[in-house]
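Report on one structure; see the data block that follows.
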Amino acid sequence: MARIVITGGAGFLGSHISDALLARGDEVVAIDNLITGDTANIEHLFGHDGFTFVNADVSNYLWVPGELDAVMHFASPASPIDYLEMPIQTLKVGSLGTHNSLGLAKAKEAKFFLASTSEVYGDPLVHPQTEDYWGNVNPVGPRGVYDEAKRFAEAMTMAYHRYHGVDTRIVRIFNTYGPRMRPNDGRVVSNFIVQALSGQPITIYGDGSQTRSFTYVADEVRGFLALLDSNVTTPTNIGNTNEFTVSELAEMVTEMVDSGSEVTYHDLPVDDPTQRKPDITKATRELGWVPEIQLREGLEHTIAYFRTIVGNR
Ligand code: UDP
């Protein structure tokens, strides 16, 4: 049994991690400033003995009384439209927020777990992406606020590991989807499902030939816990290796929802990665982790969730 801080604890991933940790008997202190997180994601946990929620911005200052076994830093806007609307907050939580979270972990002699991202690979020139690939990132483009903040966060984490001996974990997360994504989140899976359910046009950016490898949230969170419990201190990809074009995703969603939505084409966002797929040799070898839920099954769960949300709007 461990006592674990999760920054971004009211977010999509943070709330699912809270569920998983509490289910195995750990105690959770969830911290969130609710700029993209939502207490609706965690209200089912408010009566749980092992759960505490703190409304705070971890970019400013971070202190938690009592002993801690781990600090998991998940706070950040994570959708391209969010980090384009909140570029400074995104840079601050990736840099200052990571520094504060590392400081807390160091002071408590706790493990530190960084939520990093496949975006550290930028628009990758190596495919699939292995952890030793350094990436192809535009530091001054609009996505740079997220990509470079996460790259800084990784550098800071490794510095605390090397110079302060903090026990660190770094996960590189690939396009994760599932229940509790916000309907207006802006990411492709939630956009397409909400559009298909409400009969609005499906918005494909570019020609739809760009690829992503979509990971169902339960698989992703299982990977986080395996990494947390392991001794792997260097970055580890956790993502599904089945790669789809955005057009293929649009077809699958419209077919599954049985939607009459038309497909419309829009400008491709600046620096939108052309292709993305994890090499998960390391996760499989070191953690015994493989994804178990493929896209169609994951979409079934996600569509069922959005039916309740969209139906209530
Ligand atoms: N995308 C799209 N339509 C949308 C939202 C996104 O075609 O309504 C595309 C986007 O341009 C990108 C891919 O889907 O190529 C995945 O976008 P998302 O924002 O989900 O995540 P990213 O991997 O870009 O961070």
Side-chain angles (χ1 to χ4, degrees), residues 11-13 36 74 76-87 90 94 115-124 127-129 135-138 141-151 171-217 220 237-254 257 259 261-278 295 298-299 302-303 306 310:
F12 166 53
L13 291 179
T36 59
F74 276 74
S76 179
S79 164
I81 60 161
D82 287 335
Y83 51 76
L84 297 184
E85 274 171 21
M86 294 177 268
T90 303
S116 186
T117 169
S118 53
E119 283 280 325
V120 299
Y121 302 123
D123 189 2
H127 194 77
Q129 293 81 54
N136 177 38
V137 173
N138 175 3
R143 294 176 89 98
V145 299
Y146 184 68
D147 301 6
E148 295 295 8
K150 290 291 188 181
R151 287 163 69 95
V171 65
R172 292 186 180 152
I173 300 168
F174 285 71
N175 292 73
T176 304
Y177 67 98
R180 299 188 196 150
M181 292 184 94
R182 291 167 304 156
N184 58 349
D185 175 275
R187 278 179 284 190
V188 69
V189 173
S190 44
N191 269 10
F192 285 1
I193 292 177
V194 170
Q195 289 161 351
L197 286 174
S198 54
Q200 296 162 21
I202 305 286
T203 54
I204 291 184
Y205 302 161
D207 64 4
S209 63
Q210 70 272 33
T211 69
R212 294 293 187 272
S213 302
F214 299 103
T215 312
Y216 187 63
V217 63
E220 191 69 44
N237 291 337
I238 296 285
N240 196 306
T241 50
N242 286 334
E243 186 182 5
F244 293 85
T245 66
V246 164
S247 292
E248 286 169 337
L249 177 72
E251 274 169 36
M252 200 183 283
V253 169
T254 44
V257 171
S259 163
S261 289
E262 56 163 339
V263 171
T264 55
Y265 291 87
H266 305 265
D267 290 345
L268 191 66
V270 176
D271 297 333
D272 197 285
T274 311
Q275 54 180 0
R276 182 183 285 161
K277 170 182 169 164
L295 186 57
L299 285 177
T302 312
I303 290 168
F306 277 111
V310 175

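Numbering of ligands and ligand atoms starts at 1, following listing order. Positions are given from 1 along the sequence.
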Backbone N or O of [Y] within a donor-acceptor pair of the [X] side chain at under 3.5 Å?
X: D82; Y: T36; value: no
X: S79; Y: D185; value: yes
X: N136; Y: G122; value: no

Mind checking what makes side-chain hydrogen bond (donor to acceptor under 3.5 Å, both in side chains) contact with T176, not counting sequence neighbours? E220
E243: what forms a side-chain hydrogen bond (donor to acceptor under 3.5 Å, both in side chains) with it, not counting sequence neighbours? H127, T211
Indicate, as side chain, backbone, both or neither, the part of I81 found under 4.0 angstrom from ligand 1 when only non-hydrogen atoms are considered. neither
Residue-level breakdown please: for P269 versus ligand 1, do any non-hydrogen atoms fall below 4.0 Å on the side chain, on the backbone, on both, or on neither? side chain
Starting from [atom], find the nearest protein heavy-atom neighbour and note its residue, name and distance.
atom: atom 3 (N) of ligand 1; value: T203 O, 2.5 Å
atom: atom 21 (O) of ligand 1; value: N175 ND2, 3.4 Å
atom: atom 23 (O) of ligand 1; value: R212 NE, 2.6 Å
atom: atom 20 (O) of ligand 1; value: V188 N, 2.8 Å
atom: atom 25 (O) of ligand 1; value: R143 NH2, 3.2 Å
atom: atom 5 (C) of ligand 1; value: Y205 CE1, 3.3 Å

Need the ligand 1 atom indices (1-based, order shown) with element for anything under 4.0 Å from a heavy-atom of [X].
X: N191; result: 4 (C), 5 (C), 8 (O)
X: V246; result: 7 (O), 13 (C), 14 (O)
X: E119; result: 25 (O)
X: R187; result: 18 (P), 19 (O), 20 (O)
X: I204; result: 7 (O)

Under a heavy-atom criterion of less than 4.0 Å, does [X] contact ligand 1?
X: S79; answer: no
X: H266; answer: no
X: G186; answer: yes

Geometric class of the Y83/Y146 ring pair [parallel <30°, tilted 30-60°, perpendicular >60°]: parallel
Using a 3.5 Å cut-off on N or O atoms only, is D272 in polar contact with ligand 1? yes
Does an N or O from Q210, backbone or side chain, lie closer than 3.5 Å to an N or O of ligand 1? yes
Minimum side-chain heavy-atom gap S76-T90 below 4.5 Å: yes
Candidates N242, T302, L249 - the one meeting side-chain contact (heavy atoms from CB on, under 4.5 Å) with F214: L249
Paired with E119, the salt bridge (charged side-chain N to carboxylate O under 4.0 Å, His left out) test is passed by just one of R151, R172, R276, namely R276
From CA spacing to verdict: side chain to side chain contact (heavy atoms under 4.5 Å, CB included), F174, R212: CA-CA 8 Å; F174 285 71; R212 294 293 187 272; over 6 Å; no
From CA spacing to verdict: side chain to side chain contact (heavy atoms under 4.5 Å, CB included), I173, F74: CA-CA 11 Å; I173 300 168; F74 276 74; 4.1 Å; yes
